Every structure is written in structure tokens, then in C-alpha cells.
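In what follows, a single structure is set out as C-alpha cells and then discussed.
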Amino acid sequence: MKITKLETFVVPPRWLFLKIETDQGISGWGEPVVEGRAATVKTAVEELGDYLLGKDPLLIEDHWQVMYRSGFYRGGPILMSAIAGIDQALWDIKGKYHNAPVSELMGGACRDAIKVYSWIGGDRPTDVSQTAKEAVNKGFTAVKMNGTEELQYVDSYEKVDAAVERIAAVREAVGNQIGIGIDFHGRVHKPMAKVLVKELEQYRPMFIEEPVLPENNEILRDIAGLTNIPIATGERMFSRWDFKDLFTGGHVDIIQPDLSHAGGITECKKIFSMAEAYDVAVAPHCPLGPIALASCLQVDATSHNAFIQEQSLGIHYNQGNDLLDYLSDSSVLEYKDGYVAMLKGPGLGITINEEYVREQAKIGHNWKNPVWRHKDNSVAEW
């Protein structure tokens, strides 16, 4: 079997899909994208595609190593996201070739389902108690929200109080048995992170996410010494080498690699296994489309330390198109009692509605995240 074609589709709301075709009529789908940099990743996929044409798609590990190691410059969000989407599509082909889900080819599933959480509140968290109630009424047993708006390095306790009041309102609205993830989104610097983690502890969050930017991960040691709230990070880390120091430091409880950013299924399976050796849990990052989510679920199925899965149904980014719109059969991603069942179909376990993809690709998108500024007009972290 030989790879004959790689074709990319920029589709709304902010996704990039990839289709890889073979000379035996088996095709695979991937989702290589960096949110806000879809066109750049598309170009990277096309550059890597020059090597892949004419190759056997089943030799996934070798292709991964060539794509990663053959360039003098490697790593980073663009290249690793391009590799990720290609890797997903190759696994999809391999599963279809063997008529088995990807998880079966990776040793088989060790779980029947995994818990999922629902996003609430948007970029600037508002109406969180009401939307949290709505999520729980839909069956979710966990929610996640942005904890703060933008914060200066040292900011006012007024903003701290506002953040605490929001989390308190959610806890009161949903009760003590619902998990609440609080995403700091890298918006918080060390001085204010130290304040917030102590203030929020009484509300028993499921975790605090990216309490500081990943380039400042050494600060997690100080934050871990101040709180017993589980600390999560990793959505902006792109390989096992990026995670190595995080594990040896011993200050993180949950990692959140993204299957469309961190080298795909091949690399993330290795990262998940590294985490297990350090007794670290996994909650894969996935505010993206159905191909990315299906890829996550295939690895979740085989990973003992995966405990919850992010998913984008109804997320504030999904304007115009939502998670299930590109599937021929959306029932395979049906949520029940806060869980989603492991995918059993061949390959990634989903069937993409190619006609709809092509139709939406004519619309495309040029999504960019907002640029925020503080009152003094200095650039703020979004």
C-alpha cells in the first residue's frame, strides 16, 4: 500500500482537517492545527507530505521519526501539530486496514468509557453558576471554567475577590459532588497565582490548570508548596522531551497534552506512559474537532492514568459549527451520565462526512484569538 495524496481542509469554526489517501482505496483523517495558525500548519503539512508520497502508510513509527528527526530544527507547536495530524491519519488508515480500532492495535482497551467535562463561562467568565447547572442537568459530572480575566504581575484584590466569588457561586450551584476545573490559562503570574491558590482551596477544585505559563514551570514548585489542589498543565508542551523536566520536578499532578499538538497518537501514548511511571494523571486537552477527540479517546482507552477528557461540544469557540457537525454518525460520541464510551469502529472509530467538509472548506476561516490589553495599554496574556 502506498500513500498517493494528502489534502487539507480549513473548516469553521477554527479547525484544519487532513485526508490521506492510498492506492488501495483506504483513506485516513487527521486534525493538524494550531488555533489561530491554521494556514501555517497547513503549509507545514504540505512540506512533510513531500516525503510521505509513495511511502507505505503502515510504517507509522518510522514515518514519525523521520518527520521529527530529519530536520535540523525540530519541536514546537507548528511542526509537532503538523506531525500530529499526519500521525492521526496514518493510524486511521492502519486501523481500517486491519479492521480494528486504533486502541486494539495499541494493546487493547483497559476501560469501557471515560469521564468528560463541559466548558462553562467563556473567555471572560460570566453566568457561570447558571451554565454549570445546565451542564449538570445534561448529565455532566464535571465542568471547567476560566478562573480569571487578565491579571497584571501584581494586581488588585478586587480581581481576586471577583474570581473567588465566581468559583464559590459555581460550587454552590452544583453541590459538592461535581468536579470543577479552574483554568488560569497562563493569564496569572507568580505573585497572584500564590494568592489565588490559597483563596480557592476551600472550594475543592478538581484541579487548577496552567497556574503559570509553561515557560515558567519551575514556579510550580512554589505553588505546589502552598496548596493541596491538584495542579494541571501541558496543553502548550509538544513532546516527551518537553515533559521530561516536568515529571522529574515532581510538582504537577495532571498533564494535559493535546493529541493535535503534541505529536499525535504515537507521541502522546509515550507521554501518557511516562506520566504513569511518575504517578501523574492525564486529562488530554481537546477544545477542537471530532478527529482530535477521537484520537484522544483511542489513547485514553489504552491508558490507565487517563481520568477525564476535555471535549468541545457547546464550547464558546464553536460558532457556526460544532463538534458533531462533521460526522456521518454522531451517535458514536454520545455522552451518558457524564461519560463517553470508547470508540469501537475501525481506525479512529468515526466516519467523516466528506461532502460536508468540502462544502464548509469553501467557507473556511481565519480565526485568531483576541489581543487583550491592561488599563495601562500593555499587552495582557489571553
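Since the structure is predicted, the reported quantities are computational estimates derived from the model, not experimental observations. Computed over heavy atoms, backbone and side chain alike; hydrogens, waters and symmetry mates excluded.
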[Y] backbone acceptor or donor facing [X] side chain under 3.5 Å:
X      : Y      : value
Lys94  : Leu58  : yes
Asp183 : Glu210 : no
Thr248 : Lys244 : yes
Arg171 : Arg204 : yes
Glu381 : His185 : no
Thr131 : Val128 : yes
Gln88  : Leu259 : yes
Arg111 : Asp300 : yes
Glu7   : Leu18  : no
Ser312 : Gly289 : no

Heavy atoms from other residues, nucleotides or ligands near [atom1] of [X] exceed 12 (cutoff 6.0 Å):
X      : atom1 : answer
Tyr97  : OH    : no
His304 : NE2   : no
Lys159 : NZ    : yes
Asp50  : CG    : yes
Arg373 : CZ    : yes
Glu158 : CD    : no
Arg124 : CZ    : yes
Asp112 : CG    : no

Can you tell me if [X] and [Y] form a side-chain donor-acceptor pair at under 3.5 Å?
X      : Y      : result
Lys269 : Thr302 : yes
Gln311 : Tyr335 : yes
Glu31  : Ser260 : no

If you define the side chain from C-beta out and look only at heavy atoms, does anything of [X] sit under 4.5 Å from [Y]?
X      : Y      : value
Pro284 : Val282 : yes
Ile255 : Phe243 : yes
Val102 : Asp92  : no
Val143 : Val174 : no
Trp64  : Leu90  : no
Asp222 : Lys190 : yes
Pro57  : Ile20  : no
Ile352 : Lys19  : no

ILVMFWY cluster, [X] and [Y] together (side-chain gap under 4.5 Å):
X      : Y      : value
Val164 : Phe207 : no
Val195 : Phe184 : yes
Leu293 : Tyr356 : yes
Ile208 : Leu213 : no
Val357 : Leu333 : yes

Does the Lys NZ or Arg CZ of Lys55 fall within the cation-pi geometry relative to Tyr51 - under 6.0 Å from the ring centre and within 45° of the axis?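 Yes, Lys55 lies over the aromatic ring of Tyr51.
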
Quick one: is the NZ or CZ of Arg74 closer than 6.0 Å to the six-membered ring centre of Trp241, and within 45° of its axis?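 Judged by the rule, Arg74 and Trp241 form no cation-pi pair.
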
Hey, mind stepping through Thr40 and Val34 against side chain to side chain contact (heavy atoms under 4.5 Å, CB included) and telling me if it holds? CA-CA 8 Å; Thr40 311; Val34 172; over 6 Å; no

Ion pair present between Glu354 and Arg358, side-chain N to carboxylate O less than 4.0 angstrom?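 Salt bridge: yes.
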
Would Lys336 and Glu334 pass as an ion pair if we require N to O under 4.0 Å?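 No, no charged N to carboxylate O under 4.0 Å.
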
[X] versus [Y], closest heavy-atom pair with distance:
X      : Y      : value
Gly147 : Ala163 : O-CB, 3.3 Å
Val252 : Ile231 : CG2-O, 3.3 Å
Glu218 : Glu215 : OE1-O, 3.7 Å
Pro13  : Asn318 : CG-OD1, 3.7 Å
Asp376 : Gln152 : OD2-NE2, 3.4 Å
Ile167 : Ile182 : CG1-CD1, 3.5 Å

Please report the C-alpha distance between Tyr326 and Ile291 in whole Å, then the side-chain angles of each, then the deciding distance to 0.1 Å, and finally whether the side chain to side chain contact (heavy atoms under 4.5 Å, CB included) criterion is met. CA-CA 9 Å; Tyr326 290 98; Ile291 305 169; over 6 Å; no

As an exercise, state the distance from [atom1] of [X] to [atom2] of [Y], rounded to the nearest 0.5 Å.
X      : Y      : atom1 : atom2 : result
Glu149 : Trp372 : CD    : CH2   : 6.5 Å
Leu226 : Lys194 : CG    : NZ    : 6.5 Å
Gln256 : Glu235 : CD    : CD    : 6.5 Å
Arg240 : Phe272 : CZ    : CZ    : 13.5 Å
Thr43  : Arg37  : OG1   : CZ    : 12.5 Å
Gln298 : Ile265 : CD    : CD1   : 6.5 Å

Would Glu46 and Leu6 count as a side chain to side chain contact (heavy atoms under 4.5 Å, CB included) here? Give the steps. CA-CA 8 Å; Glu46 291 166 355; Leu6 290 85; over 6 Å; no

For Glu150 and Trp382: C-alpha separation, side-chain torsions, deciding distance, then whether side chain to side chain contact (heavy atoms under 4.5 Å, CB included) applies. CA-CA 7 Å; Glu150 62 268 50; Trp382 169 73; over 6 Å; no

Can you tell me how the ring of His261 sits relative to the ring of Phe238, calling it parallel under 30°, perpendicular over 60° and tilted otherwise?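 Rings of His261 and Phe238: perpendicular, over 60°.
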
Show your reasoning for whether side chain to side chain donor-acceptor pair (under 3.5 Å) applies to Asn305 and Ser303. CA-CA 6 Å; Asn305 54 335; Ser303 303; 4.9 Å; no

Matching residue for Phe9 among Trp29, Trp15, Phe17 - test: ring-ring contact (aromatic ring centres under 6.0 Å, His included):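 Among Trp29, Trp15, Phe17, the one meeting ring-ring contact (aromatic ring centres under 6.0 Å, His included) with Phe9 is Trp29.
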
